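Got a structure for you, written out below as structure tokens; questions coming shortly.
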Amino acid sequence: MCGIFAYLNYNVGRERRYILEVLLNGLRRLEYRGYDSSGIAIDSDTSSVMQSKSKPYDTAPPVVFRQEGKIESLVSSVYTEVDQLNLDLEKPFLVHAGIAHTRWATHGVPAPRNSHPQSSGEFDEFLVVHNGIITNYEVLKQTLVRHGFTFESDTDTEVIPKLAKFVFDKARDGEGGVTFSQVVMEVMRQLEGAYALIFKSPHYPNELIACKRGSTLLLGVNELGGETSRHLFHDVKALTANDKPKELFFSSDLCAIVEHTKNYAAIEDDEIVHIKDGSVSILKFNYEKEKPASVQRALSVLEMEVEQIKKGDFDHFMKKEIHEQPDSLTTSMRGRLKDGVVGLGGLKDHMRTIRRSRRIIFIGCGTSYHAALAARPIMEELTDIPVTMEIASDMLDRKALIFKEDTAVFVSQSGETADTLLALEYALQHGALCVGVTNTVGSTLARKTHCGVHINAGCEIGVASTKAYTCQIVVMVMMALAIGSDKMSTLAQREAIIAGLTKLPEKVHDVLKLDGEMKALAQSLIDEQSLLMFGRGNNYATALEGALKVKEVALMHSEGMLAGEMKHGPLALVDEYLPIIVIATRDDSFSKQQSVIQQLHARKGRLIVMCSEGDASLVCPDGRSRVIEVPRVVDCLQPIINIIPMQLLAYHLTVLRGYNVDQPRNLAKSVTTQ
């Protein structure tokens with residue numbers, strides 16, 4: 001979804017060229033979220049812009065650059081326009097505030113006029129970058145038009161800076177002045193929907209204001225010339241008196257600030273963060289109160305290294321992240337498996353409630369839903385609690401029944417998936433215990449659920465999730481082990497699974513050796529238009545997820561199907577041309593999958609069979625089918641092994657077909673709109 005980035009340097013000289021590069025590089029770090037246009041705003045020189053016009057302020061006017069397409073198109077246009085405006089790139093600024101944005105089109109086609117920053121109009125008195133959707137923008141737009149405002153874009157965002165100007169002008173016409181935070185508070189009072197916003201205005205030079213409701217926004221602090229205190233925000237007034245040189249950042253993603261600082265704070269809903277004179281004030285907005293309350297906040301330390309957001313020796317992030325899975329799985333389990341016992345601190349205080357649940361509901365979207373589906377059998381088996389599955393959007397559409405005796409487990413890599421968060425609100429309203437499973441510390445999901453587990457997969461840049469998927473399964477298997485640990489009847493099974501978990505990274509390392517074989521398979525499928533995948537039992541989720549990966553990045557029609565449903569329609573598609581992948585590794589469903597293979601052979605199906613090592617002669621005795629042999633592990637962990645060849649296949653298909661593997665067409669990493 002859209003990406004937000006802002007940079008303010010205070011009491012430290014930074015040339016305009018440096019400021020531009022920080023902003024543009026911040027946008028590059030947000031590229032993986034998905035976007036179709038981008039833009040930035042910086043300060044001009046007072047004498048170089050609008051010389052012939054009478055500005056309504058005495059400070060340097062901002063310069064806005066917006067461009068459709070990739071960020072490198074924006075970079076080219078920025079430096080071209082800088083030359084045309086005679087802006088001195090070497091001019092130093094002791095204090096400067098710049099904002100930047102990547103846009104994923106929702107209201108209006110990708111075009112410079114619809115890109116952000118959006119403006120209040122002539123002279124750019126207020127500029128705004130926005131992530132989210134304003135649901136009442138049409139009503140606000142009609143009101144502003146009646147007051148003489150002219151709109152240039154098709155976006156919902158444009159009402160925000162124009163509303164800010166309307167509030168500012170109205171206050172200025174009265175007695176006394178109005179502060180930047182007062183303007184923003186009044187704007188927030190009028191907005192409905194989900195948003196993260198950053199405001200910049202020449203009426204308030206060298207100031208930035210950020211606020212949010214529903215969408216993620218983070219503050220980063222880099223105090224220069226000394227160690228930044230983690231307790232910097234325990235007393236905001238102390239920070240106000242601090243004139244040390246510092247750099248301050250706003251971002252919708254930690255990946256964009258990790259190379260600058262590891263000290264950050266997650267902004268909460270309805271908070272207003274005002275940066276002025278190097279100080280940070282955090283206010284809590286309340287609709288019912290005219291004056292906001294001041295908020296104290298301590299900084300957190302980011303546990304992420306810069307290397308995680310770089311490709312290293314790999315050509316693409318997706319391939320890097322596929323090959324990182326032995327390490328990510330190790331990290332996900334680290335400290336949670338001790339002496340044959342699973343310890344999940346995030347669930348400890350609520351374990352008794354979970355064990356007494358009427359049922360467990362897994363709720364997610366896309367890949368996260370598939371991960372939950374893969375973990376469902378073992379969750380039921382070890383806990384003796386019924387487990388149901390819900391796609392978040394469908395659950396909301398149906399207004400599904402949820403009871404206070406239920407435990408609702410919400411699974412989301414980003415922790416910001418809009419449908420999942422709306423389903424969370426719905427479950428909270430109905431009194432269910434809500435558990436979060438996410439990869440993102442400080443995300444909305446992590447903050448709003450009663451308890452949860454971080455999967456600790458590390459930063460995932462590729463839009464198509466790979467290592468987060470396998471870590472999600474591992475975490476949910478560990479949840480099943482922890483919840484069911486009070487049952488003696490499953491002790492031997494739990495011990496076998498824990499032993500399997502300890503060996504899992506090594507097994508994943510082994511299956512990654514199939515990379516070359518998957519590339520050769522991809523070469524044979526490069527010209528195909530469709531692909532079917534059949535799975536059942538533990539590996540129904542593998543078929544769904546494998547097909548989704550091919551669909552997402554290789555842009556090939558692919559369908560994952562429950563093998564037990566083959567005779568109820570899909571069998572009509574089988575001929576000697578359509579490639580079909582059958583997942584037939586050793587588990588309770590193995591004999592049934594052998595039967596499926598025989599039936600497909602009888603209809604001259606073009607089969608590719610995935611089986612356990614040493615089983616090739618059992619699944620394809622006549623040698624007519626292509627076989628992928630993978631290491632055998634305990635049944636509930638087999639989907640982790642089995643998905644990796646499918647990830648590699650999707651990757652190589654995409655590269656061979658000439659598509660962008662890290663940023664597939666029309667898709668975003670974090671889907672923050674319905």
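Since we're looking at a predicted model, the values are computed, not measured. We number each residue from 1, following the sequence as shown.
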Exercise. side-chain contact (heavy atoms from CB on, under 4.5 Å) with Glu186: which residues, sequence neighbours excluded?
Worked result: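 Testing Glu186 for side-chain contact (heavy atoms from CB on, under 4.5 Å), a comparison that skips the adjacent residues, returns Val167, Arg189, Gln190.
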Problem set entry | Partner residues of Thr80 under the side-chain contact (heavy atoms from CB on, under 4.5 Å) criterion, sequence neighbours left out |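 So Thr80 forms a side-chain contact (heavy atoms from CB on, under 4.5 Å) with Gln84.
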For this session: Would you verify whether the NZ or CZ of Lys141 falls within 45 degrees of the ring axis of Phe151 while also being under 6.0 Å from that six-membered ring's centre?
Result: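 That pair qualifies as a cation-pi contact.
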Problem set entry | Non-neighbouring partners of Val78 that pass side-chain contact (heavy atoms from CB on, under 4.5 Å), sequence neighbours left out |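 Scan of Val78 (side-chain contact (heavy atoms from CB on, under 4.5 Å), adjacent residues dropped) gives Leu20, Ile40, Phe65, Leu74, Val82.
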Exercise. Got a donor-acceptor contact below 3.5 angstrom from the Asn660 side chain to the Gln663 backbone?
Worked result: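 Side chain of Asn660 to backbone of Gln663: a pair is present.
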Problem set entry | Ion pair Glu152/Arg113, N-O distance below 4.0 Å | no
Exercise. Got Thr466 and Met318 here, is their nearest side-chain heavy-atom distance under 4.5 Å?
Worked result: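 The answer is yes; the side chains approach within 4.5 Å.
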For this session: With sequence neighbours excluded, tell me which residues meet salt bridge (charged side-chain N to carboxylate O under 4.0 Å, His left out) with Asp269.
Result: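 Asp269 satisfies salt bridge (charged side-chain N to carboxylate O under 4.0 Å, His left out) with Lys212, Lys448 only.
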Exercise. Are Pro62 and Pro202 close enough that some pair of their side-chain heavy atoms sits under 4.5 Å apart?
Worked result: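 Touching, per the 4.5 Å side-chain cut-off.
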Problem set entry | Qualifying residues under ring pair (Phe, Tyr, Trp, His ring centres under 6.0 Å), relative to Phe149, sequence neighbours excluded | none
Exercise. Do we see a donor-acceptor contact under 3.5 Å between the side chains of Ser252 and Asn131?
Worked result: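 There is no such pair (donor and acceptor under 3.5 Å, judged by atom type) between the side chains of Ser252 and Asn131.
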Exercise. Restricting to pairs with a member in residues 61-90, which pass salt bridge (charged side-chain N to carboxylate O under 4.0 Å, His left out), not counting sequence neighbours?
Worked result: Arg17-Glu90, Arg28-Glu72
For this session: Take Ile133 and Asp156 through the test side chain to side chain contact (heavy atoms under 4.5 Å, CB included) and record every step on the way to the result.
Result: CA-CA 7 Å; Ile133 288 182; Asp156 55 330; 4.0 Å; yes
Problem set entry | Which residues share a ring pair (Phe, Tyr, Trp, His ring centres under 6.0 Å) with Phe5, sequence neighbours left out |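 If we apply the ring pair (Phe, Tyr, Trp, His ring centres under 6.0 Å) test to Phe5, skipping adjacent residues, there are no hits.
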Problem set entry | Ionic contact status for Arg16 with Asp45, cut-off 4.0 Å |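 Salt bridge present between Asp45 and Arg16.
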Seminar exercise, completed: Applying side-chain contact (heavy atoms from CB on, under 4.5 Å) to Asn439 and not counting sequence neighbours gives Gln413, Ile455, Ala457
Exercise. Is Asn456 close to Cys471 at the side-chain level, that is, under 4.5 Å between some pair of heavy atoms?
Worked result: no
Exercise. Would you say the side chains of Thr157 and Thr155 form a donor-acceptor pair under 3.5 Å?
Worked result: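 No - no donor-acceptor pair under 3.5 Å links their side chains.
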Problem set entry | Thr367 versus Ser465, side-chain donor and acceptor atoms under 3.5 Å |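 Looking only at side-chain atoms, Thr367 and Ser465 do not form any donor-acceptor pair under 3.5 Å.
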Exercise. Does one side chain, of Glu125 or Ser201, offer a donor that lies under 3.5 Å from an acceptor on the other?
Worked result: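 No, because no side-chain N or O of Glu125 sits under 3.5 Å from a partner of the opposite role on Ser201.
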For this session: Please check if any side-chain donor atom of Arg103 sits under 3.5 Å from a side-chain acceptor atom of Tyr35, or the reverse.
Result: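 Their side chains do not contain a donor-acceptor pair, so the 3.5 Å distance test is not met.
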For this session: Would you please say whether a donor-acceptor pair under 3.5 Å links the side chains of Ser153 and Glu158?
Result: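 Judged by distance alone, the side chains do pair up.
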For this session: Give a yes or no on whether a salt bridge exists between Glu268 and Lys284, defined as a side-chain N under 4.0 angstrom from a carboxylate O.
Result: no
Seminar exercise, completed: Here the pair of heavy atoms bringing Met185 nearest to Phe285 is O-CE1, 3.5 Å
Seminar exercise, completed: Shortest non-hydrogen pair, Gly278 vs Leu248, comes out as O-CD1, 4.4 Å
Exercise. Does a salt bridge link Lys467 with Glu321, judged by any charged N lying under 4.0 Å from a carboxylate O?
Worked result: no
Problem set entry | Non-neighbouring partners of Phe314 that pass ring pair (Phe, Tyr, Trp, His ring centres under 6.0 Å), sequence neighbours left out | His323
Exercise. Do the non-hydrogen side-chain atoms of Tyr651 and Val553 ever get within less than 4.5 Å of each other?
Worked result: no
Exercise. Is it the case that Asn25 and Glu259 place a side-chain donor and acceptor less than 3.5 Å from each other?
Worked result: yes
For this session: With the side chain counted from C-beta on, respond yes when Leu648 and Ile322 share a heavy-atom pair under 4.5 Å apart, and no when they do not.
Result: yes
Exercise. ring-ring contact (aromatic ring centres under 6.0 Å, His included): which pairs involve residues 81-102, sequence neighbours left out?
Worked result: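 Listed by first then second residue: Phe93-His96, His101-His116.
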For this session: Using the test ring pair (Phe, Tyr, Trp, His ring centres under 6.0 Å), find all partners of Phe249 that sit at least two apart in sequence or belong to another chain.
Result: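 Result, ring pair (Phe, Tyr, Trp, His ring centres under 6.0 Å) vs Phe249: Tyr7, His260.
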Seminar exercise, completed: Between Gly39 and Pro117 the two heavy atoms that sit nearest each other are C-CD, 3.8 Å
Exercise. Hey, are the side chains of Val128 and Ile198 touching, using non-hydrogen atoms and a 4.5 Å cut-off?
Worked result: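 Not in contact.
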Exercise. Do Tyr195 and Ile134 come within less than 4.5 Å of each other through their side chains, counting heavy atoms only?
Worked result: yes
For this session: Give the minimum heavy-atom separation between Asp154 and Asn114, together with the two atoms involved.
Result: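 Shortest heavy-atom contact: N-OD1, 2.8 Å.
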Problem set entry | Pairing residues for Ser115 by the side chain to side chain donor-acceptor pair (under 3.5 Å) criterion, not counting sequence neighbours |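 Partners of Ser115 under the side chain to side chain donor-acceptor pair (under 3.5 Å) test: Ser37.
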Exercise. At their closest point, which heavy atom of Leu421 faces which heavy atom of Gly415, and how far apart are they?
Worked result: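 Here Leu421 and Gly415 meet closest at CD2-O, 3.8 Å.
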For this session: Check for a donor-acceptor pair, side chain of Ser120 on one end and backbone N or O of Lys162 on the other, with a separation under 3.5 Å.
Result: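 No: the side chain of Ser120 does not pair with the backbone of Lys162.
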Exercise. Got a sec: does the NZ of Lys519 have more than 12 other heavy atoms crowding it under 6.0 Å?
Worked result: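 Counting other residues, nucleotides and ligands, NZ of Lys519 stays at 12 neighbours or fewer.
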Seminar exercise, completed: Correct closest heavy-atom pair for Leu94 and Gly13 would be CD1-N, 3.9 Å
Exercise. Below 4.0 angstrom, N of the basic side chain to O of the carboxylate: do Asp515 and Lys319 qualify?
Worked result: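 Salt bridge between Asp515 and Lys319, a charged N being under 4.0 Å from a carboxylate O: yes.
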For this session: Indicate yes or no: at least one non-hydrogen side-chain atom of Leu208 is less than 4.5 angstrom from one of Phe199.
Result: no
Seminar exercise, completed: From the list Val63, Asn86, Val64, Thr59, side-chain contact (heavy atoms from CB on, under 4.5 Å) with Ser44 holds only for Val63
